[in-house]
**Student:** 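To start, I am sharing the structure in question, which I have written as structure tokens.
Note that the structure is predicted; figures quoted are calculated from it, not measured. When a ligand or atom number is given, it counts from 1 through the structure's own listing order. Excluded from the calculations below are hydrogen atoms, water molecules and symmetry mates; all remaining heavy atoms, backbone and side chain alike, are included.
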Amino acid sequence: MLDDQPIFEIAEFASFELFSPCADETVWFFKDLLGMVETAREGDSVFLRGWEDHYKHSLKITQRDQPGMGYAGWRAMSPKALDRRVAAIKDSGLGIGWVEGECGMGPAYEFTTPDGSVQRLNWEVDYFEATPDQKSVLDNRPQRRPLTGVPLKHLDHLNMLAKDVTVNKQFASDVLGFRLSEHIILSNQVEAGAWLRLQTRSHDVAFTKDATGEGGRLHHVAFAYGTTQHLEDAAEVLIDHGLEIEAGIARHGISQAQFLYVFEPGGNRIELVGQLGYTVHDPSWQPVAWRQDTLDSAIIWQGSPLPPEFDTYGTPNRVPTNYRTPNRYVMAEAELILGRA
Ligand SMILES: [Fe+2]
């Protein structure tokens with residue numbers, strides 16, 4: 001809080017860099033199966049966006065030895081809001097410094113969460129401009145719906161595994177201005193998860209406790225459909241192309257959103273959101289605390305339980321797993337499509 005007023009200086013989750021040990025196959029997953037649109041290639045990276053993402057890119061896929069997150073990009077409310085947040089981040093001791101812009105995003109200030117996950121904050125962006133064959137008849141859509149795969153609409157939220165949820169939640173609240181929507185408090189009073197919002201959607205970021213005791217790993221990055229039918233269509237396509245669906249289609253109690261978790265060929269957990277969660281308009285919203293006796297409904301409201309690896313598998317992965325990622329069958333199929341086989 002700033003003089004007892006909400007900070008409201010960061011507007012949205014605008015971009016995300018995903019590391020993949022098989023970037024071509026990861027690009028195949030997002031482009032061919034989920035209909036994302038490629039907007040640029042630079043060095044080892046490919047830039048993509050969903051058809052309702054307004055900026056030039058929302059996802060950057062970069063070839064690396066290990067899967068995981070490169071950075072999460074956040075857009076400030078204004079240039080002055082950016083300056084004020086950068087000053088607050090510097091005061092927190094977690095600032096790194098300014099980095100050059102890339103693919104339509106202007107200069108960004110880089111910093112980390114207390115657990116060491118890299119974040120970027122910026123103001124300047126280039127908007128996506130549809131070519132004549134991409135243009136929608138609706139002027140309020142950045143482009144018309146692509147005909148490839150089952151096209152997801154936009155980047156939605158991010159979940160990072162945390163060594164200490166409370167420390168990361170406090171940093172996000174006090175320094176960045178996130179507001180707590182819901183959290184999990186275990187019977188030993190340990191905070192096991194926190195879901196925080198910037199504006200009205202139930203959450204833009206979540207920190208969940210890493211059962212391995214590590215911190216700073218990617219649990220999942222989420223993209224939205226907003227419609228049950230599109231999620232069901234996506235599930236059909238993913239299964240038919242050999243992708244490993246970890247859980248869903250089901251609904252969490254927390255956020256009430258409808259989900260499907262799938263591993264992209266590089267091994268990162270991707271969440272696809274069908275029906276969106278609730279929105280918050282109440283300025284005096286009191287965070288919802290889920291406790292041991294209500295935990296089951298918090299995690300799964302409708303559908304089957306999550307596998308035990310849901311609490312331990314993150315990227316880069318550190319634990320033995322029954323998961324078959326990276327999925328050799330998928331990679332073989334992707335290679336066939338990419339013309340390498
Ligand atoms: Fe999520």
Side-chain angles (χ1 to χ4, degrees), residues 12-16 18 30 34 50 53 58-59 67-69 72-74 113 115 117 119 152-162 165 168-169 172 178-184 191-211 216-228 230-231 234-235 238 244-264 267-280 287-288 290 295 297-307 309-315:
E12 63 171 336
F13 180 34
S15 63
F16 185 77
L18 189 71
F30 283 104
L34 302 181
D53 279 320
S58 58
L59 177 65
M69 64 180 276
W74 305 90
T113 61
D115 268 5
S117 291
Q119 315 286 310
L152 58 80
K153 288 186 176 174
H154 58 79
L155 184 62
D156 195 78
H157 68 267
L158 169 67
N159 185 319
M160 290 172 281
L161 287 166
V165 169
N168 287 278
K169 174 197 77 177
F178 284 83
R179 285 162 291 285
L180 181 65
S181 292
E182 310 190 47
H183 57 163
I184 294 172
E191 194 170 30
W195 285 258
L196 301 107
R197 70 186 185 283
L198 288 167
Q199 299 199 58
T200 58
R201 76 171 91 185
S202 69
H203 64 289
D204 298 276
V205 75
F207 297 100
T208 47
K209 187 151 183 64
D210 191 330
R217 296 188 300 145
L218 173 65
H219 189 269
H220 64 265
V221 61
F223 297 84
Y225 282 110
T227 309
T228 302
H230 295 166
L231 196 61
L238 294 168
E244 183 177 7
I245 289 179
E246 179 188 35
I249 300 172
R251 291 182 78 176
H252 291 301
I254 292 170
S255 86
Q256 299 173 25
Q258 184 186 41
F259 66 82
L260 178 152
Y261 294 99
V262 58
F263 295 108
E264 55 84 22
N268 294 292
R269 180 188 283 109
I270 305 298
E271 181 182 4
L272 299 174
V273 183
Q275 267 184 278
L276 302 177
Y278 64 80
T279 53
V280 179
V288 174
W290 299 88
L295 199 52
S297 335
I299 306 297
I300 294 290
W301 170 37
Q302 298 172 9
S304 305
L306 298 171
E309 285 96 334
F310 194 79
D311 296 325
T312 55
Y313 184 91
T315 45

**Student:** Please evaluate residues T228 and Q258 with respect to the criterion side chain to side chain donor-acceptor pair (under 3.5 Å), reporting the C-alpha separation (whole Å), side-chain torsions for both, the decisive distance (0.1 Å), and the verdict.
**Tutor:** CA-CA 8 Å; T228 302; Q258 184 186 41; 3.1 Å; yes
**Student:** Is H157 close enough to the Fe ion (ligand 1) to have an N, O or S atom under 2.8 Å?
**Tutor:**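 Yes, since at least one N, O or S atom of H157 sits under 2.8 Å from the Fe ion (ligand 1).
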**Student:** When you measure from the Fe ion (ligand 1) to each N, O or S atom of H220, which atom gives the shortest distance?
**Tutor:**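 Going by distance to the Fe ion (ligand 1), the closest N, O or S atom in H220 is NE2.
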**Student:** In terms of the angle between their ring planes, are F259 and Y261 parallel, tilted or perpendicular, with boundaries placed at 30° and 60°?
**Tutor:**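 Ring orientation of F259 relative to Y261: tilted.
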**Student:** Which is the closest N/O/S atom of E271 when seen from the Fe ion (ligand 1)?
**Tutor:**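 When I compare the N, O and S atoms of E271, OE1 is nearest to the Fe ion (ligand 1).
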**Student:** Please evaluate residues W301 and Q256 with respect to the criterion side chain to side chain donor-acceptor pair (under 3.5 Å), reporting the C-alpha separation (whole Å), side-chain torsions for both, the decisive distance (0.1 Å), and the verdict.
**Tutor:** CA-CA 8 Å; W301 170 37; Q256 299 173 25; over 6 Å; no
**Student:** Specify whether F310 and H220 have parallel, tilted or perpendicular ring planes, treating 30° as the upper limit for parallel and 60° as the lower limit for perpendicular.
**Tutor:**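 Ring orientation of F310 relative to H220: tilted.
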**Student:** If we ignore hydrogens and angles and just use 3.5 Å, is the side chain of S181 paired with the main-chain N or O of S202 as donor and acceptor?
**Tutor:**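 Pair found, side chain donor or acceptor close to backbone of S202.
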**Student:** Answer yes or no as to whether an N/O/S atom of D156 is found below 2.8 Å from the Fe ion (ligand 1).
**Tutor:**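 Within the cut-off used here (under 2.8 Å), D156 places no N, O or S atom near the Fe ion (ligand 1).
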**Student:** Of the backbone and side-chain N, O or S atoms of H219, does one lie nearer to the Fe ion (ligand 1) than 2.8 Å?
**Tutor:**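 Coordinating: no.
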